[in-house]
Protein chains: 2
Amino acid sequence: MDAYREYIEAQAKIFKALGHPTRLLMVDALRTGEKCVCELQTIAGADMSTVSKHLSILREAGVVSSEKRGTNIYYSISLCCLDSFLACSSAMLQSRILQQYSMIQSNQKD
Amino acid sequence: MDAYREYIEAQAKIFKALGHPTRLLMVDALRTGEKCVCELQTIAGADMSTVSKHLSILREAGVVSSEKRGTNIYYSISLCCLDSFLACSSAMLQSRILQQYSMIQSNQKD
DNA sequence: TCTTTATTTGGCAAATAAGCCAAATAAAGA
DNA sequence: TCTTTATTTGGCTTATTTGCCAAATAAAGA
């Protein structure tokens with residue numbers, strides 16, 4: 001049962017890494033292809049050191065990987081199922097909004 | 001662009017809810033079917049109030065939903081794609097372990 | 001109505017995470 | 001070699017989260 005605990009913790013680490021707006025924003029941007037830290041800084045709109053720390057959290061969780069090329073370090077997505085993750089959670093959010101909307105409708109509150 | 005920010009934040013909230021060992025453990029247990037809070041307490045091995053607070057985080061993120069029946073409140077999974085989430089992240093963890101293992105092998109460190 | 005049982009809430013202390021500045025590193029170019 | 005540029009690390013403060021206790025709630029049963 002201890003192996004199970006470790007496994008749960010590793011899995012939680014992945015979700016936790018994705019569970020921060022700035023990190024998710026950067027990961028979402030990486031879906032169109034790799035980007036260097038400076039590009040990600042512009043996208044995130046945060047201090048370079050903050051961005052760097054967020055990226056290392058994502059890297060340690062296995063969500064992204066980095067490669068140095070020339071002067072820059074390029075980050076890209078390494079969690080293969082990320083697209084389906086995001087598609088799924090996005091569908092869920094959308095259906096929730098529709099549900100709320102229909103509740104408002106049936107209550108005639110608008 | 002502000003709607004996008006909101007959207008990212010809502011999505012991050014889902015991941016954040018799953019990003020805690022105790023919460024993920026409970027969610028994983030719920031995959032076999034609904035459970036009352038007291039059952040989840042036994043599984044989590046934490047104080048009842050702690051469990052209750054974790055459950056409300058999961059509920060607010062839309063991961064689980066609750067229904068009162070008789071004396072108890074039963075929680076069940078409402079995030080439809082949870083199974084594929086977990087299957088995917090688990091496959092990813094497994095491949096990472098295999099990768100590390102083959103690295104150890106090729107370095108003859110064991 | 002009074003208890004009991006199941007669950008949530010309030011409040012607080014301890015642990016953890018975030019974000020910024022300054023300093024370190026590392027590699028490329030002059 | 002000395003600068004410059006890109007990125008990471010250390011350190012510190014502030015904000016957030018966690019987890020427990022005690023108290024509140026709510027509904028069922030005696």
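Note on naming: letters A, B, ... go to the chains in the order of the sequence lines (proteins, then strands), and numbering restarts at 1 for each one.
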(request) Return the value, rounded to whole Å, for the distance between atom CG of Asp47(B) and atom P of dT7(C). (result)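 For the pair Asp47(B) CG and dT7(C) P, the rounded distance is 13 Å.
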(request) Quick one: label Lys53(B) by what it contacts on the DNA or RNA (base, sugar-phosphate, nothing), any heavy atom closer than 4.0 Å. (result)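 Since a base atom lies under 4.0 Å of Lys53(B), the category is base.
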(request) With the side chain counted from C-beta on, respond yes when Leu18(B) and Leu82(B) share a heavy-atom pair under 4.5 Å apart, and no when they do not. (result)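 Yes. Closest side-chain heavy atoms under 4.5 Å.
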(message) Nearest whole Å is fine: how far is dT8(D) C1' from Glu60(A) CD?
(response)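 Interatomic distance, CD of Glu60(A) to C1' of dT8(D): 13 Å.
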(message) Ignoring hydrogens and geometry beyond distance, is a side-chain donor-acceptor pair present between Tyr4(A) and Asp28(B) at under 3.5 Å?
(response)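 Their side chains do contain a donor-acceptor pair, which is all the 3.5 Å distance test asks for.
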(request) With heavy atoms under 4.0 Å as the rule, sort Leu55(B) into base, sugar-phosphate or nothing. (result)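 Nothing, no nucleic acid heavy atom in range.
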(message) Is there a side-chain contact between Phe85(B) and Cys88(A) in this structure, where contact means two heavy atoms from C-beta onward sitting under 4.5 Å apart?
(response)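 Yes. Closest side-chain heavy atoms under 4.5 Å.
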(request) Please state how far atom CD1 in Ile57(A) lies from atom P in dA17(C), giving the value in whole angstrom units. (result)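 Those two atoms, CD1 and P, are 8 Å apart.
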(request) Mind checking Thr50(A) for me? I need base, sugar-phosphate or nothing, with any heavy atom below 4.0 Å counting as a touch. (result)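 Here Thr50(A) touches the bases of the nucleic acid.
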(request) Nearest whole angstrom, please: distance from the P of dA26(D) to the CD of Glu67(B). (result)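 In whole Å, dA26(D) P and Glu67(B) CD are 19 Å from each other.
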(message) Rounded to whole Å, please give me the gap between CD in Glu39(B) and C1' in dA6(C).
(response)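 So the two atoms are 13 Å apart, to the nearest Å.
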(message) Counting only Watson-Crick pairs (N1-N3 plus N6-O4 or O6-N4) and G-U wobbles (N1-O2, O6-N3), all under 3.5 Å, who is the partner of dT13(D)?
(response)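 The answer is dA18(C), by the H-bond criterion.
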(request) Indicate, with a heavy-atom threshold strictly under 4.0 Å, whether Ser49(B) touches base, sugar-phosphate, or nothing. (result)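 Base contact.
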(request) Identify which nucleotide among dT8(C), dT8(D), dT18(D) has an atom closest to any side-chain atom of Arg59(A), counting heavy atoms from C-beta outward. (result)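 Output: dT8(D).
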(message) Do Lys68(A) and Thr71(A) pair up side chain to side chain, a donor and an acceptor below 3.5 Å, judged on atom types alone?
(response)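 No, Thr71(A) and Lys68(A) have no side-chain donor paired with an acceptor closer than 3.5 Å.
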(request) Could you check Glu9(A) against Lys13(A) for salt bridge (Lys or Arg N to Asp or Glu O under 4.0 Å), going step by step and ending with a plain yes or no? (result) CA-CA 6 Å; Glu9(A) 267 165 33; Lys13(A) 199 173 166 183; over 6 Å; no
(request) Could you check how far CE of Met48(A) sits from P of dA22(C), rounded to whole Å? (result)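 Atom-to-atom, Met48(A) to dA22(C), this comes out as 16 Å.
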(message) Would you say that Thr50(A) contacts His54(A) through its side chain, given a criterion of any heavy-atom pair below 4.5 Å between the two side chains?
(response)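 A side-chain contact under 4.5 Å exists here.
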(request) Would you mind reading off the distance between Arg69(A) atom CZ and dT7(D) atom C1', rounded to a whole angstrom? (result)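 Arg69(A) atom CZ is separated from dT7(D) atom C1' by 16 Å.
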(request) Please tell me which of Arg23(B) and Asn72(A) maps to the more 5' nucleotide of DNA chain D, matching each residue to the nucleotide holding its nearest heavy atom. (result)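 The residue whose closest nucleotide sits nearer the 5' end is Asn72(A).
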(request) Sort out the partner of dG29(C) for me: Watson-Crick or G-U wobble, both distances under 3.5 Å, none otherwise. (result)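 Base-paired to dC2(D).
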(message) By nearest atom, which of the nucleotides dG19(D), dT8(C), dG19(C) is closest to the Val37(B) side chain?
(response)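 In terms of side-chain proximity for Val37(B), the closest of dG19(D), dT8(C), dG19(C) is dT8(C).
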(request) Tell me the partner of dA24(D), counting only Watson-Crick (N1-N3 plus N6-O4 or O6-N4) or G-U wobble (N1-O2 and O6-N3) with both under 3.5 Å; none if nothing fits. (result)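 The base-pairing partner of dA24(D), which may sit in any strand shown, is dT7(C).
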(request) With the side chain of His54(A) defined as its heavy atoms from C-beta on, choose the nearest nucleotide among dC20(C), dG19(C), dC20(D). (result)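 Nearest to the side chain of His54(A) among the choices is dG19(C).
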(message) Between Val51(B) and Lys16(A), which residue's closest nucleotide on DNA chain C lies nearer the 5′ terminus?
(response)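 Nearest nucleotide further toward 5': that of Val51(B).
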(message) When both hydrogen-bonding distances must be under 3.5 Å and the geometry is Watson-Crick or G-U wobble, what is dG19(D) paired with, if anything?
(response)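 By the stated definition (distances under 3.5 Å), dC12(C) pairs with dG19(D).
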(message) Counting the atoms with a prime plus P, OP1 and OP2 as sugar-phosphate, which does Tyr74(A) contact under 4.0 Å by heavy atoms, base, sugar-phosphate, or nothing?
(response)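 Answer is nothing: Tyr74(A) stays at 4.0 Å or more from every strand.
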(message) Nearest to the side chain of Tyr75(A), heavy atoms from C-beta on, is which of dT8(D), dC20(C), dG19(D)?
(response)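 Between dT8(D), dC20(C), dG19(D), the one nearest the side chain of Tyr75(A) would be dT8(D).
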(request) Mind calculating the distance between CZ (Phe15(B)) and P (dA17(C)) to the nearest angstrom? (result)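 That distance rounds to 19 Å.
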